[in-house]
Amino acid sequence: MVELEIHGVAPELDIEAAKAKLSEIKADKMSGWLTLPTDYDKDEFVRIKSAAEKINSDSKYLVCIGIGGSYLGHRAVIEALNRKSPTKILYAGSFLSPAALQQVLDELGDNDFSVNVISKSGTTTEPAVAFRIFKQKLIDKYGEAEAYKRIYATTDSREGALHDEAVANGYESFVVPDNIGGRYSVLTAVGLLPIAVAGVDIDKLMAGAREEQDADDENIYKYAAFRAALFNKDYDLEVLASFEPRLFYFAEWWKQLYGESEGKNSQGIFPAATIYTTDLHSLGQYMQEGRRNIFETIINVTDENPLITVPELKENLDGLKYLEGKSLSYINQNALRATVTAHSTSIPVVEITTPEINEMELGKLIYFFELSCAISAKMQGVDPFNQPGVDMYKNEMFRLLGKPTQQSNLDNRA
C-alpha cells in the first residue's frame, strides 16, 4: 500500500462518502482501468514484449507520437526510472512548434529508427501532422515495404483513420481499449510498448499496480476525502511537490489526470506541480505567505543513496564543515522534513511516501492516483472520464485552419 500522512490543520474527512463512490465508478462504462492490473490482455502483453525486442534490435531511436494521455503516462515512467536500453525514446506529436520538431529531427539524423503512433482516431491534429512527417522520413530512408515494418500503431480495435491505415499497410497494431480513457491508459499498450522499449520491466510495473488494486488501500479514500473536504473550504489549488527531479513527468501526468478529470461544470481543484528544493528558491515565499487557497501534496522518496557524500576539506570557506561525510540523500531528506514542517504551519500538507522509485512502487502510485482521482471527481459531482471543454479549442482551430466541417468531429475522439 501507499503510505500517507496529513500535516497541519486538517478538515474533517468523510472517508465513508469516498468509499461510497466506488460503486458508481465500477458501474461506469469507462472504468476498465479499475481491474486492468488483473484483467489485461495477456496475449497482447506478450506481443508488446516481442515488439519491444525487435525495436531494440533494429532501432537506435523510437519516435513516440501522441498527445496528452497518449504520451504523458509512459514518459512519466520512462524518465522516472531511466533504465538502460539500446533504444532511446524521442517524443513528437504533443506540440505544433516547428522548432521543437526540428530538434527531434536533428537528433534522429540518419540513424535507424521506428515509430509508435498512438491515437484513438488517427486524426488528432498534433500527432497526425507529426506522423505524416516521420512516416515520410521512414519511407525516404527504407522504402515503403520496410518502412511499414517499422511503424507500430496503438489505436482503436475496430475503426478510425489510424486503424484503417494500419490494416491497409500491415502495421503491427495494439489496442486502445474502448473502456479506458487516455489519461487512465498508461498500463495499456498505450504506455506499455514505449515503456518496454525503454528497458523497464513491465511485469513488475503491472505487479505493483495489482498489489495496490488488491490491497483496497484505505489511503486512496483518505486522499480523495482530504481533497474533497479542502475543496469545500475553498482550497482550489493543489501543488504536487517532489524532491526528485526524475519525477517531473510523473507530475505532468498527474496534472493531466486531475485537471482533465475534475475541471468541468465550474468545479475542480487546479493542479500544479513543482520540484524542490529548486523551486523553494522561486516559489517558497509564495507557498509560505501567499494566498491561502493552496494545499500541497508531497511525494517523499525515502531511499538512501550513500554513494554521493560531501567531501572533507581542510578549509571551511563555504561553511559546510558540519555536512562533511554526510550523504546527499540525508541532506535532501532533511530539506524535505524542514519544508513539510514550515509549510504545514500555513497550508494543509499531505505527504505520500514511497521507499524508492522502481517498477513496483511506480505501479502502486499510478493505481493510487487513478482511483483517488476518479473518487475525488465523483465527490465533486462531475464525470471523471469525459473532457467536453477540450473540444472547444479543437473546433475553433479547425475553423481557422479551414478543415472541412464533416471531418471535424472525427478529431474529437483523440
Side-chain angles (χ1 to χ4, degrees), residues 44 47-68 70-71 74-75 78 85-176 189-198 398 401-404 407 410-411 413-414:
E44 184 178 61
R47 288 201 304 114
I48 287 170
K49 291 181 179 179
S50 177
E53 289 178 4
K54 179 180 181 298
I55 293 167
N56 285 156
S57 71
D58 66 17
S59 300
K60 182 175 180 179
Y61 292 102
L62 174 67
V63 181
C64 289
I65 297 174
I67 193 168
S70 295
Y71 98 102
H74 59 77
R75 189 165 191 178
I78 290 166
S85 171
T87 306
K88 182 177 179 180
I89 309 296
L90 299 178
Y91 299 93
S94 62
F95 48 77
L96 291 170
S97 162
L101 188 65
Q102 189 61 54
Q103 284 186 316
V104 179
L105 289 166
D106 289 345
E107 178 163 358
L108 194 59
D110 195 40
N111 292 291
D112 287 320
F113 75 103
S114 296
V115 166
N116 179 204
V117 54
I118 307 163
S119 176
K120 183 76 168 173
S121 66
T123 59
T124 304
T125 306
E126 295 91 339
V129 168
F131 183 42
R132 273 206 181 198
I133 292 168
F134 286 97
K135 178 170 58 178
Q136 189 60 55
K137 186 172 177 65
L138 279 172
I139 292 170
D140 292 344
K141 182 174 177 61
Y142 299 106
E144 273 196 4
E146 179 61 27
Y148 293 165
K149 295 177 184 177
R150 290 175 171 268
I151 295 174
Y152 301 83
T154 308
T155 189
D156 193 274
S157 63
R158 298 183 306 276
E159 60 182 4
L162 182 56
H163 166 272
D164 294 347
E165 180 178 337
V167 170
N169 294 330
Y171 307 156
E172 182 161 7
S173 297
F174 301 93
V175 174
V176 178
V190 169
L192 292 179
L193 178 57
I195 288 170
V197 171
F398 297 156
L401 293 173
K403 184 172 185 176
Q407 295 181 24
L410 292 174
D411 192 55
R413 297 176 65 238

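With rounding to the nearest 0.5 Å, the separation of OG1 in Thr87 from CD1 in Ile55 is 7.5 Å. Summarising the geometry, atom CG belonging to Leu108 is positioned 13.5 Å from atom CD belonging to Gln103; distances are rounded to the nearest 0.5 Å. Distance check: Leu162 CG to Phe131 CZ gives 6.0 Å after rounding to the nearest 0.5 Å. The CD atom of Glu126 lies 8.5 Å from the OG atom of Ser94; values are rounded to the nearest 0.5 Å. Taken from OG in Ser97 to CD in Gln102, the straight-line distance is 10.0 Å, to the nearest 0.5 Å. Rounded to the nearest 0.5 Å, atoms CG (Leu62) and CD1 (Ile89) are 4.5 Å apart.
Here the closest heavy-atom approach between residue Asp110 and residue Lys141 is recorded as O-NZ, 2.8 Å. The minimum heavy-atom distance between Ala128 and Gly122, with the atom names listed, is CB-O, 3.7 Å. Ser114 and Ser59 make their closest contact through OG-OG, 2.7 Å (heavy atoms, listed as atom of the first residue, atom of the second, distance). Minimum heavy-atom separation, Glu44 to Val175: OE2-N, 2.8 Å.
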Worked check of salt bridge (charged side-chain N to carboxylate O under 4.0 Å, His left out) between Lys54 and Glu172:
CA-CA 12 Å; Lys54 179 180 181 298; Glu172 182 161 7; over 6 Å; no
Going through the checks in order, is the side-chain contact (heavy atoms from CB on, under 4.5 Å) test met by Glu165 and Lys135?
CA-CA 12 Å; Glu165 180 178 337; Lys135 178 170 58 178; 2.7 Å; yes
Show your working on side-chain contact (heavy atoms from CB on, under 4.5 Å) between Val63 and Lys137 and close with a plain yes or no.
CA-CA 12 Å; Val63 181; Lys137 186 172 177 65; over 6 Å; no
Quick one: do Leu192 and Phe174 satisfy side-chain contact (heavy atoms from CB on, under 4.5 Å)? Show the steps, please.
CA-CA 10 Å; Leu192 292 179; Phe174 301 93; over 6 Å; no
Test salt bridge (charged side-chain N to carboxylate O under 4.0 Å, His left out) on Lys120 and Asp156 and set out the steps.
CA-CA 5 Å; Lys120 183 76 168 173; Asp156 193 274; 2.9 Å; yes
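Looking at Pro127 and Ile118, their side chains never come closer than 4.5 Å, going by heavy atoms from C-beta outward. The side-chain heavy atoms of Glu53 and Asn56, taken from C-beta on, include no pair separated by under 4.5 Å. In this structure, the side chains of Phe95 and Ile67 stay at 4.5 Å or more apart for every pair of heavy atoms. Under the 4.5 Å side-chain criterion, counting only non-hydrogen atoms from C-beta, Ile151 is in contact with Leu138. Under the 4.5 Å side-chain criterion, counting only non-hydrogen atoms from C-beta, Asp58 is in contact with Arg150. In this structure, the side chains of Val117 and Tyr171 stay at 4.5 Å or more apart for every pair of heavy atoms. Taking the side chain as every heavy atom from C-beta outward, Thr154 and Tyr152 never approach each other to under 4.5 Å. Side-chain contact check for His74 versus Tyr91: some heavy-atom pair is nearer than 4.5 Å.
Between the side chains of Thr123 and Ser121, at least one donor-acceptor pair of N or O atoms lies under 3.5 Å.
Checking each of Asp106, Leu96, Ile133, Val129 against Leu101 for a side chain to side chain contact (heavy atoms under 4.5 Å, CB included) leaves exactly one that passes, namely Ile133.
Relative orientation of the Tyr142 and Phe113 rings is tilted, given thresholds of 30° and 60° on the angle between their planes.
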